[in-house]
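Just below is one structure, and these are the notes that go with it.
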Amino acid sequence: KNEAFAYSSICGVDLNRGLQTIEMYAFYACPITNVTVPETVSQIGQKAFMGCSLLESISVLCVIPPKGAKEMFDKTGSCPIYVPAQSVAAYKTAQYWSDYADRIFPMEELQPRNEIWYTSTDGQIVQPDLSIGKPALTLLSNTYENGKGVLVFEEDLETIPFGVFSSCKTLESVVFPEGVVTVKNAVFEYCENLVSVRFPSTVTHLGGYLFHDCFNLKSVNIPEGVTKIEEATFAQCYKLPSVSLPGGLIEIGHSAFYNCWAFESIRIPETVTTIKDGAFGECRGLKTVTIPSGGTEIAPSLFSNCDSLTEVVIPEGVTVIGNQAFWYCRALKSTRIPSTVSSLGESAFIGSGLESVTVPGSVSEIGKECFARCGSLSSLVLEEGLQIIGENAFEGCSSLGKVIIPPSVREIGAMAFIYCDGIDAMYLMPVRPPILGDGALFSEYGYPLFVPMEFYQDYMEAEGWEDYRERIQ
């Protein structure tokens with residue numbers, strides 16, 4: 001019935017012969033790994049198995065495709081859907097089933113360990129390039145029948161060589177057999193029509209640039225044994241909506257998910273200790289992300305130009321927020337900089353939508369252009385401990401009102417507060433006038449600079465403060 005097991009924790013299900021209807025949302029978001037639909041079922045409801053992301057296979061025993069519904073198998077990874085061999089064509093064209101055509105295969109007892117199954121956009125064989133990768137593989141046959149391509153090799157497959165399917169323009173989907181352990185670099189690079197790939201649970205290594213420029217990739221699983229996402233593995237997979245990261249993941253490499261525009265959220269496991277620069281850069285649809293507590297650095301350009309990002313949680317323990325980490329994250333209204341951070345890199349939050357910021361006393365220096373062009377920033381708290389405000393650090397923060405410079409500041413860089421036209425007063429608390437860079441406090445409107453009374457004369461006579469004497473009070 002409707003929502004019968006929705007959101008439950010059941011891991012297995014046995015659907016008895018005689019069952020006729022699987023209602024909408026029946027198994028929504030259940031952690032089941034396999035399901036067999038008996039031959040008596042005539043209807044599957046909307047979103048019946050949606051969100052069952054751990055599914056490894058779906059077997060449908062019905063010779064005539066059951067009446068389907070919208071999104072019945074959405075967000076189930078790229079798990080194959082096995083149907084009777086004589087009915088493959090009927091399933092691929094049936095209403096709603098056609099949405100999963102690239103995942104529909106004829107029913108087999110077991111995929112042999114020396115076979116790769118695939119589909120192509122033109123229904124013709126796809127020829128792998130076995131000349132450039134090592135170890136060498138011996139291809140015995142390559143056939144395409146009943147909507148399914150089969151590559152048969154002489155050897156059982158343990159390693160998929162470098163670039164073996166690279167630039168195969170008609171390749172649509174691939175299923176690898178159990179026993180594959182290593183998938184080397186660039187295996188699918190530039191496969192512009194590839195939609196789905198299914199890896200077996202035996203895989204422990206996925207190479208770099210694996211799906212680079214696979215513009216139409218929508219479904220792929222990362223097996224639990226994988227501990228590292230290599231450099232640019234999924235870079236520029238524009239249509240990939242999400243991916244489930246394995247629970248034992250330790251590292252996410254440079255530009256691993258760069259330009260994955262369709263990403264809206266990502267759950268990074270707590271086991272991850274290293275996320276390298278640009279890993280999620282240009283993920284224009286990414287809205288929320290929680291950074292695991294095991295790392296100490298927000299790498300350079302990590303979320304640069306993620307202009308839909310509204311929420312990011314930076315955990316205690318992070319010590320460095322790197323250069324351009326949140327570059328032009330225009331939708332990011334607020335985030336907390338933890339008290340463990342000691343370094344804010346150049347342009348870390350430039351052009352972001354931040355409305356309020358507290359820089360903790362653990363930070364000794366605000367990098368060049370760190371908060372520049374944050375036009376919505378109206379509340380700024382600089383805690384005692386800060387020593388250097390870098391060049392152009394708050395350039396163009398036109399919504400700032402009152403600014404208090406803490407006693408510990410000893411240097412304010414060139415043009416640090418230029419074009420901050422909304423400042424109505426600045427309170428400088430250092431007992432010794434900070435060193436000023438050129439135009440550090442320039443303002444067309446000449447807001448007053450309040451200094452400690454007993455050190456008024458020191459400010460008036462300090463080198464570099466000559467241009468501001470009329471404003472010092």
Side-chain angles (χ1 to χ4, degrees), residues 1-109 119 146-148 173 175 195-198 201 218-222 224 239-244 262-267 287-288:
K1 293 186 177 181
N2 293 358
E3 304 182 35
F5 299 99
Y7 297 107
S8 72
S9 58
I10 61 168
C11 297
V13 60
D14 184 13
L15 301 179
N16 293 328
R17 192 174 187 278
L19 180 67
Q20 296 183 11
T21 302
I22 300 173
E23 298 281 5
M24 63 173 63
Y25 293 91
F27 295 96
Y28 186 89
C30 287
I32 53 177
T33 55
N34 294 281
V35 64
T36 298
V37 177
E39 62 271 30
T40 53
V41 168
S42 59
Q43 182 173 344
I44 299 177
Q46 182 177 359
K47 300 183 180 181
F49 294 94
M50 184 176 181
C52 297
S53 59
L54 298 182
L55 272 173
E56 297 175 0
S57 67
I58 300 167
S59 297
V60 185
L61 305 183
C62 313
V63 174
I64 299 174
K67 181 180 179 182
K70 292 180 179 179
E71 303 172 301
M72 55 185 176
F73 296 119
D74 277 22
K75 298 183 179 180
T76 55
S78 56
C79 70
I81 301 172
Y82 298 118
V83 303
Q86 70 269 32
S87 305
V88 168
Y91 273 88
K92 283 177 175 284
T93 56
Q95 186 178 22
Y96 301 118
W97 288 94
S98 61
D99 295 341
Y100 312 100
D102 57 288
R103 294 164 53 186
I104 294 174
F105 294 95
M107 200 166 289
E108 303 277 352
E109 288 187 7
T119 63
N146 298 319
K148 172 187 171 183
S173 70
V175 178
V195 175
S196 73
V197 172
R198 182 70 183 177
S201 60
K218 294 180 181 179
S219 179
V220 64
N221 67 305
I222 303 177
E224 283 297 309
K239 294 185 179 179
L240 186 64
S242 64
V243 66
S244 179
F263 267 28
E264 291 191 3
S265 65
I266 184 76
R267 185 192 68 81
K287 295 179 181 179
T288 62

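The first residue of the sequence shown is numbered 1, and numbering continues consecutively from there.
- Contact detail for Thr36 and Pro38: the closest heavy-atom pair is O-CD, 3.5 Å.
- When all heavy atoms of Ile266 and Val243 are compared, the closest pair comes out as CD1-O, 3.9 Å.
- Once rounded to the nearest 0.5 Å, the distance linking CZ of Phe105 with OG1 of Thr119 reads 5.5 Å.
- The 12-atom threshold is exceeded at CG of Leu19, counting heavy atoms of other residues, nucleotides or ligands nearer than 6.0 Å.
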Residue pair Thr33, Leu55: steps toward the side chain to side chain contact (heavy atoms under 4.5 Å, CB included) verdict: CA-CA 4 Å; Thr33 55; Leu55 272 173; 5.8 Å; no
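- Residues Gly147 and Lys92 come closest through the heavy atom pair O-CE, 3.9 Å.
- Of the inter-residue distances, the one linking Leu15 atom CG with Ile22 atom CD1 reads 5.0 Å to the nearest 0.5 angstrom.
- Listed by chain and number, the residues in a salt bridge (charged side-chain N to carboxylate O under 4.0 Å, His left out) with Glu39 are Arg17 (sequence neighbours excluded).
- Partners of Lys287 under the side chain to side chain donor-acceptor pair (under 3.5 Å) rule, at least two apart in sequence or in another chain, do not exist in this structure.
- Taking CE of Met24 as the start and CD of Glu71 as the end, the distance is 11.0 Å to the nearest 0.5 Å.
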From CA spacing to verdict: side chain to side chain contact (heavy atoms under 4.5 Å, CB included), Leu240, Phe263: CA-CA 7 Å; Leu240 186 64; Phe263 267 28; 4.0 Å; yes
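- Taking CE of Met72 as the start and CD of Gln46 as the end, the distance is 11.0 Å to the nearest 0.5 Å.
- Within the 4.5 Å cutoff, the side chain of Pro80 has heavy atoms near those of the Arg198 side chain.
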Test log, rule side chain to side chain contact (heavy atoms under 4.5 Å, CB included), inputs Val195 and Ser173: CA-CA 6 Å; Val195 175; Ser173 70; 5.8 Å; no
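- Counting all heavy atoms, side chain and backbone alike, Val60 lies closest to Pro84 at O-CD, 3.2 Å.
- Atom NZ of Lys67 sits about 12.5 Å away from atom CD1 of Ile44, to the nearest 0.5 Å.
- Contacts classified as side-chain hydrogen bond (donor to acceptor under 3.5 Å, both in side chains) and involving residues 95-105 (residues at least two apart or in different chains) are given here: Asp74-Tyr100, Thr76-Arg103, Asp102-Ser196.
- Ile32 places none of its side-chain heavy atoms less than 4.5 Å from the side chain of Leu54.
- Between Tyr82 and Pro106 there is no side-chain heavy-atom pair separated by less than 4.5 Å.
- Here the SG atom belonging to Cys79 is positioned 4.0 Å from the CD1 atom belonging to Ile58, to the nearest 0.5 angstrom.
- Under the 3.5 Å distance criterion, the side-chain polar atoms of Ser87 are matched with a main-chain donor or acceptor of Val63.
- Contact between Cys62 and Val41 at its shortest, heavy atoms only, is SG-O, 3.4 Å.
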